[in-house]
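Reviewing the structure listed below.
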Amino acid sequence: MHKYRTHTCSEISKKNSGSTVKLSGWIHRKRDHGNLLFFDLRDHFGLTQCVIENSNSFFKTVEKIKPESVVCVSGEVVDRSSDTVNKDLFTGEVEVKVSSFEILSESKDLPMPVFGEQEYPEETRLKYRFLDLRREEMHENIVLRSKVISFLRNKMISDGFLEFQTPILTASSPEGARDFLVPSRMHPGKFYALPQAPQQFKQMVMISGFDKYFQIAPCFRDEDGRADRSPGEHYQLDMEMSFVEQEDVFKVVEPIFFKLFTEFGKNKTVSKTPFRKITYKTSMLKYGTDKPDLRNPIEIFDVTEVIKRKDVKLDIFKKLIAKGGVVRAIPAPNTSSKPRSFFDGYNNWAKEEGAKGLGYILLEKNNGKFIGKGPIGKFFSEKAIGELAKICKAKENDAIFFSSDELKEAERISGIVRQKLGKELNLTNDKKFEFCWITDYPMYQYDEKEKKIDFSHNPFSMPQVNSKDFDKTDPLSILAYQYDLVCNGYEISSGAIRNHLPDLMYKVFFKAGYSKDEVNNKFEGMIKALSYGAPPHGGMAPGIDRIVMLLAGKNNIREVTLFPMNQNAQDLLMGSPSKPSELQLKELNIKILEKKK
RNA sequence: GGGGGUGUAGUUCAGUUGGUUAGAACGCUUGCCUGUCACGCAAGAGGUCGAGGGUUCGAGUCCCUUCACUCCCGCCA
């Protein structure tokens, strides 16, 4: 007989009745009747109830052993009487009558129980992650993560992609997030950087002629955490293809996501392919964000022209428009009968979020014509109200919120109002995965702080203007072949067709203030590689953690990560980051400066 | 770097207008219990009320400072 087990804890059934089995696992839960004791034995696969009577020589030991101790049990499989069958358990028709009992590893009193669904403080959960991971829900999330990664790997391989590893110790890149640096012992004063993404490497792989590449790639960025963003490190399905245009990438990626979310999405409906394509500009207008939650049917409208009319007397908005601002309208269906407190609540909340305020008007009908109620209703003529309702596709009994400010701020506020309305009015259907592509990102944006033109996304993206016309074009109007994949309000992936033309690369960087020498200096390898025959190529890099989070129905990335760091970028289980020894520092030629207070 | 929230038993929480010995449930310990599956019953142990300072005759409660965690902003090409 095997030393530890003949079966797992989810295997035995009536078929095994009468035979002797050996099981190993954790003591999940004990029910001690004094002279008769039940315990559930748990392993990765499931639970089996074991029973022992006081006549048994192991009885005292079993009574004393603490939950979560690991034990090996053997005994006869017996049928339960019909009134003691547990239908909630796979193995609930039988139980194991303990004939021998061995303790393999004892547990101390638990800082948090494995049994039950009670919530526990994250600090405790992270400190005792191995206990937290034994809990049913976490265990399932991590299994899901593994299955998702297997699915993706299999799919990529069957689609003709080759899986490669790229360096972890690499060079710092001057763009993007803050780098993690690793001191070099052999080159005192010099540092490696951990890759923020294998961006340049994967482009080199294309230039090296491998045609299609993918990798489940760790990415390191020294940025602060969020609920949907781990501090420090995360994983991407990094992929790149040669001789492709944007549409080719979409055609490869869409079926992957459709199948993945259909298979693992807990029966929620998934957007049919091809996914909707929304330009960045349209998305910012209609949804106030470049990661719209399309489960929410509310759309935002620009009503600047209506407010400008002579028969609208809203001077506050008119003044903002005169200063170059805009007015955005967010219709709130069937809310005109809501109490004043509802609207005041939104106004106060918006102010807390940094808005100047949130005007609103209630649409009612009189003799078939719209009239505007509410505090600012009186400032609109009947004609203006009609026009407003038409633009906003509003109906009787709808309310319309207004956000007026400079463009970016008006977009931001209208976007968060739309989100809040969708949620609070129960308009957002949470039984769906709504995918869309956000396309045509601007190549540049104006950096107000630095008073200069800067890249808005990836500087290696191909601009939608050719090299000949590039210098003649207003840089802020130049779009890029740059796209994001968005699902339910989360950015799932970013991607682009890359700029494979060194001549155009210099021009692109020049507009953002980099001379040819600087580009040669900072991207020496890239420029060199592009100068010896580079195929047109493009790809993307979906974030795996966020995908699993969506599939698991969670809104925190730590729920689907084995050993996450906390928000302060510390690993409470392993105790990182930690102080190096004097010897380590000496070898690395590093001296720690005391922080000034 | 900034803003919000939370912090009371091992854990989840309650704690009135500032007023006697800070409570409940789960967990733990002990005892009883042969059909439970959130077993039941009884008893018991367990508290620097995050920390420091202040106001007060008196502070878990009010004020100030600080720390931890968390959410958000900044940041994330």
Side-chain angles (χ1 to χ4, degrees), chain A residues 28-42 47-56 59 63-64 66-68 78 80-89 91-92 95 97 108-128 131 172-179 196-197 199-200 219-234 349 352-354 412 416 441 443-445 447 449 454-461 480 482 491 494 496 498 508-509 512 514 522-523 541 543 546 555-556 558 565-568 570 572:
Chain A
H28 187 61
R29 188 83 175 155
K30 283 198 289 186
R31 292 173 292 280
D32 186 355
H33 292 240
N35 295 313
L36 170 77
L37 187 154
F38 300 97
F39 63 92
D40 297 322
L41 195 66
R42 185 196 72 238
L47 287 179
T48 298
Q49 173 166 285
C50 303
V51 62
I52 184 167
E53 294 185 12
N54 62 350
S55 53
N56 190 307
F59 190 80
E63 259 195 326
K64 264 198 194 142
K66 291 187 194 297
E68 293 309 308
V78 294
R80 297 202 203 179
S81 67
S82 60
D83 57 324
T84 60
V85 163
N86 185 347
K87 285 180 191 133
D88 298 330
L89 220 56
T91 58
E95 63 195 4
K97 215 175 154 185
K108 301 201 283 187
D109 275 342
L110 298 165
M112 60 174 280
V114 170
F115 173 81
E117 275 156 33
Q118 172 101 53
E119 302 241 20
Y120 291 89
E122 196 152 49
E123 201 175 348
T124 310
R125 293 180 55 198
L126 294 180
K127 209 167 164 180
Y128 298 93
L131 289 178
S172 177
S173 90
E175 296 297 317
R178 211 174 288 119
D179 282 314
Q196 295 182 22
Q199 176 67 36
Q200 294 187 56
C219 303
F220 306 91
R221 297 175 190 176
D222 187 2
E223 295 298 333
D224 291 355
R226 287 287 183 277
D228 67 345
R229 200 172 80 200
S230 299
E233 57 190 76
H234 69 283
W349 166 80
E352 278 167 27
E353 294 288 330
R412 184 179 73 85
I416 59 176
Y441 275 83
M443 189 82 216
Y444 302 102
Q445 63 193 11
D447 186 333
K449 248 191 266 169
D454 202 0
F455 293 109
S456 77
H457 249 62
N458 186 330
F460 299 114
S461 299
Q482 164 84 44
E491 181 195 318
S494 221
R498 321 297 174 187
V508 165
F509 272 94
Y514 295 84
K522 283 173 174 161
F523 305 105
R546 229 173 252 176
N555 49 25
N556 192 305
R558 293 185 289 271
M565 296 203 281
N566 67 8
Q567 201 177 34
N568 292 332
Q570 297 162 306
L572 299 177

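Residue numbering restarts at 1 for every chain, and letters A, B, ... go by the order of the sequence lines. Only a predicted model underlies this, so the values are computations on that prediction, with no experimental measurement involved.
A salt bridge links Arg42(A) to Glu68(A): one of the charged nitrogens lies within less than 4.0 Å of a carboxylate oxygen. Arg221(A) and Asp179(A) are not joined by a salt bridge, as no carboxylate oxygen comes within less than 4.0 angstrom of a charged side-chain nitrogen.
Between Phe509(A) and Phe523(A), the ring planes lie tilted relative to each other; the angle falls in the 30° to 60° range.
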Using a cutoff of under 3.5 Å, can you pull out all pairs of nitrogen or oxygen atoms linking the protein to nucleotides 41-46 of chain B, with atom names and distances?
none

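Atoms OG and CG, on Ser230(A) and Asn566(A) in that order, are 11.0 Å from each other to the nearest 0.5 Å.
A45(B): no Watson-Crick or G-U partner with both key distances under 3.5 Å is found in any strand.
Neither side chain, Gln482(A) nor Arg498(A), offers a donor N or O lying under 3.5 Å from an acceptor on the other.
To the nearest angstrom, P of G35(B) lies 12 Å from CZ of Phe59(A). Atom-to-atom, NE2 of His33(A) to P of C33(B) comes out at 13 Å; the value is rounded to the nearest Å. For Glu63(A) and U36(B), the CD to P distance is 18 Å, given to the nearest whole Å. Computed from coordinates, the Arg178(A) CZ to C76(B) P distance equals 9 Å when rounded to whole Å. In this structure, OH of Tyr120(A) is placed 12 Å from P of C26(B), rounded to the nearest angstrom.
Spacing between A22(B) and G60(B) at atom C1', rounded to whole Å, works out to 8 Å.
In this structure, the nucleotide among C76(B), C72(B), A38(B) sitting nearest to the side chain of Phe115(A) is A38(B). When distances run from any side-chain atom of Lys66(A) to the nucleotides C28(B), U11(B), G1(B), the shortest one goes to C28(B). Distance from the side chain of Asn566(A) is smallest for U70(B) among the nucleotides A68(B), C37(B), U70(B). Side-chain atoms of Glu122(A) lie closest to U70(B) of the nucleotides C76(B), U36(B), U70(B). You'll find that the side chain of Ala177(A) is closest to C76(B), out of U36(B), C76(B), G1(B). Closest to the side chain of Arg29(A), out of U12(B), C33(B), G27(B), is G27(B). Listed candidates were C69(B), U34(B), C37(B). Nearest to the side chain of Asp40(A) is C37(B). Distance from the side chain of Glu53(A) is smallest to U34(B) among C28(B), C69(B), U34(B).
Residue-level contact check: Gln445(A) touches neither bases nor backbone, having no heavy atom under 4.0 Å from any strand. Residue contacts shown for Arg558(A) are limited to sugar-phosphate atoms, with no base heavy atom under 4.0 Å away.
No donor-acceptor contact under 3.5 Å links the side chain of Arg31(A) to the base of U34(B).
Nearest-nucleotide mapping onto RNA chain B: of Arg229(A) and Asn556(A), the residue sitting toward the 5' end is Asn556(A).
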